[in-house]
Amino acid sequence: MRKLILAAAAAAFLAVPAAAQEPPPPKLLVVIAVDQFSADLFDEYRPQFTGGLARLAQGTVFHNGYQAHANTETCPGHSTILTGDHPARTGIVGNSWIDQSVQRPDKVIYCAEDESAPGSDHKHYKLSPAHLRVPTLGELMKARWPASRDVAVAGKDRAAVMMSGDRPDQLWYWDGRQFVTDLAAAPPPSIAATNAAVARMIAAPSAALQSPPFCSARAQAIPVEGHAPVGAGNFARSAGDAQAFEISPEFDAAILAAAAGLTRDLRLGQGDAPDVLSIGLSATDYVGHDYGTEGQEMCLNLFELDRELGDFLSYLDSTGVDYAVALTADHGGQDLPERLRLHGVPDAQRVDPALAASAVGKSIGAKLGLSGLVLLGDVSGDMYVDRSLSPADRARVLDSAVRFYRAQPQVAAVFTRDELEQTPIPATTPDKWSLIERARASFDPQRSGDFVVLLKEHVTPIGHVTTSVATHGSPWDYDRRVPILFWRSGFRGATVNAPVDTVDIMPTLAALIELPLAPGSVDGHCLEGTPAFCPQR
Ligand SMILES: [Zn+2]
């Protein structure tokens with residue numbers, strides 16, 4: 001008997017070194033989504049990063065991450081990150097969609113609204129996570145560990161809602177003037193202090209940012225018809241200009257300040273259970289839309305973002321909390337066609353405004369003798385046939401519209417609802433997905449259109465420029481490919497070329513905090529080579 005105990009003790013002793021290799025799970029997950037941060041931008045600027053992005057890049061870098069679906073907009077992109085599911089499963093098919101059965105005059109539905117709220121429309125709405133069909137990581141953490149906190153702060157309300165999900169403990173977003181919430185929970189004291197500090201920032205003028213040589217080398221004014229030239233801006237801002245503040249790196253600095261304040265006030269990572277803090281950094285998207293991606297403006301923005309993230313991580317270090325970070329983007333982006341043509345992309349062009357659903361609907365209506373809207377939608381993406389028409393007329397409109405769009409030189413593909421319903425969700429890596437497979441991952445039978453129009457590569461879906469000069473939303477890799485970084489103190493990772501998917505982030509983080517997921521319950525898979533120890537598949 002004594003021999004047996006000794007043997008057991010020896011076995012236990014021998015097991016110690018192996019067990020010691022696995023550190024305990026972190027107490028705080030910090031998940032950062034940089035809006036419109038394409039993998040192209042990450043790769044281009046990576047050698048210049050010295051701050052927070054350089055530190056995170058010492059972890060595991062998947063620079064071929066994919067927002068795999070076709071409709072690469074903000075709301076669907078954020079919905080994939082902490083649910084582990086593609087938009088076909090999250091139900092978030094776009095920033096908005098059309099629901100002709102809704103009992104209000106405005107049939108456009110915002111992704112993060114409750115459209116049953118009296119007097120609402122898609123621009124004046126009651127914020128709600130109700131459209132998100134699946135739970136977030138924060139919700140699952142709270143179900144397993146009731147003491148877990150699920151906290152979100154973002155520039156955009158939809159970013160905060162889609163990452164935190166149902167019943168977060170705190171949810172803050174920018175309303176154009178200050179950080180606000182719709183939750184009844186008492187505001188932590190730091191929010192008022194952050195809002196006061198940001199108000200002082202906006203009230204003062206902001207001097208032009210000093211451009212490092214790698215940014216000034218990109219300063220070239222590009223003419224854009226109907227718009228001031230872009231490319232040589234430096235974020236000089238006059239006192240009180242809150243809109244210019246939003247379209248500048250100052251905005252993300254404010255969001256990170258709010259995140260730091262929430263971390264301190266709520267003592268995130270210092271309770272009995274792990275917490276999750278989701279941060280939506282929106283400035284990069286606004287800079288990309290207003291100035292494109294390859295001028296001095298984006299360079300300065302990323303230079304500042306890198307520095308601000310460094311400061312934020314230093315703050316987290318100072319709390320003594322054992323935290324882990326995942327950083328990614330909701331989608332990529334493409335530069336404006338005027339500069340792309342100068343940079344060796346001769347087929348870069350703006351969409352023909354004649355492709356707009358309203359124009360096409362009008363001409364089909366005239367041809368078929370139909371009145372009403374006939375066709376609803378934008379210039380590409382989901383298109384809806386007017387439900388007030390008879391079923392026979394709807395079939396004629398669908399047939400005419402699909403034939404019209406398929407004949408257009410700027411259109412890559414048109415897929416009908418029937419075709420998408422017959423397409424299985426692909427099992428291959430997202431770099432191999434065909435166009436219809438990308439569109440399938442964006443398809444929800446209740447919310448998607450009767451058909452979807454996908455423009456050719458390098459066709460920007462902005463015809464006449466009014467405000468935005470550049471955008472995203474296409475099924476092409478400049479909009480789909482995003483960086484995915486995992487970092488934890490004491491962990492050194494590698495740069496991985498293998499393609500992965502943003503739906504892999506949630507199961508990876510779940511493994512990191514030892515939160516079991518039911519097999520097959522999410523689209524994504526735990527990623528090896530990260531700080532997480534993936535469960536055996
Ligand atoms: Zn955007």
Side-chain angles (χ1 to χ4, degrees), residues 32-42 65-81 87 92-97 108 110-112 122-123 154-163 173-176 224 227 230 233 243-249 251-252 255 279-295 297-298 301-302 305 327-337 339-340 350-351 378-382 442 454-455 458-463 465-483 502:
I32 303 170
V34 180
D35 202 314
Q36 206 190 126
F37 191 25
S38 66
D40 292 333
L41 278 179
F42 177 79
Y66 280 84
Q67 288 279 4
H69 51 276
N71 194 18
T72 47
E73 292 184 342
T74 298
C75 214
H78 281 96
S79 84
T80 68
I81 296 170
I92 307 300
V93 297
N95 282 341
S96 60
W97 53 85
V108 179
Y110 179 56
C111 62
H122 78 280
K123 289 201 167 130
K156 298 180 184 177
D157 58 8
R158 59 185 176 275
V161 168
M162 293 302 149
M163 291 207 286
Y173 58 92
W174 184 252
D175 77 343
V224 179
H227 193 275
V230 299
Q243 211 198 340
F245 166 84
E246 249 180 67
I247 312 166
S248 85
F251 189 32
D252 283 348
I255 298 164
I279 305 173
L281 299 177
S282 312
T284 302
D285 184 61
Y286 295 147
V287 171
H289 283 298
D290 269 46
Y291 302 106
T293 60
E294 291 302 316
E297 301 93 344
M298 183 59 83
N301 174 65
L302 294 178
L305 174 65
L327 181 143
T328 189
D330 56 341
H331 52 72
Q334 191 195 21
D335 201 15
L336 54 147
R339 187 163 45 211
L340 279 170
R350 294 191 176 279
V351 72
D378 208 331
V379 77
S380 61
D382 281 306
S442 278
L454 303 180
L455 298 176
H458 304 133
V459 178
T460 293
I462 300 170
V465 173
T466 51
T467 50
S468 290
V469 300
T471 194
H472 51 86
S474 84
W476 302 106
D477 280 2
Y478 46 77
D479 285 341
R480 295 171 79 223
R481 225 182 108 236
V482 295
T502 53

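First listed ligand is number 1; within each ligand, the first listed atom is number 1.
For the residue pair S282 and D35, no side-chain donor N or O sits within less than 3.5 Å of a side-chain acceptor on the partner. Checking Y110 against R158 by side-chain atom types alone, a donor-acceptor pair falls below 3.5 Å.
The distance from the Zn ion (ligand 1) to the nearest N/O/S atom of H472 is under 2.8 Å. Among the backbone and side-chain atoms of D285, an N, O or S atom lies under 2.8 Å from the Zn ion (ligand 1).
The atom of H289 that is an N, O or S and sits closest to the Zn ion (ligand 1) is NE2.
Taking the centre of each ring, Y478 and H458 come in below the 6.0 Å mark.
Contact record, T80 with T502: OG1-OG1, 2.9 Å, taken as the closest heavy-atom pair.
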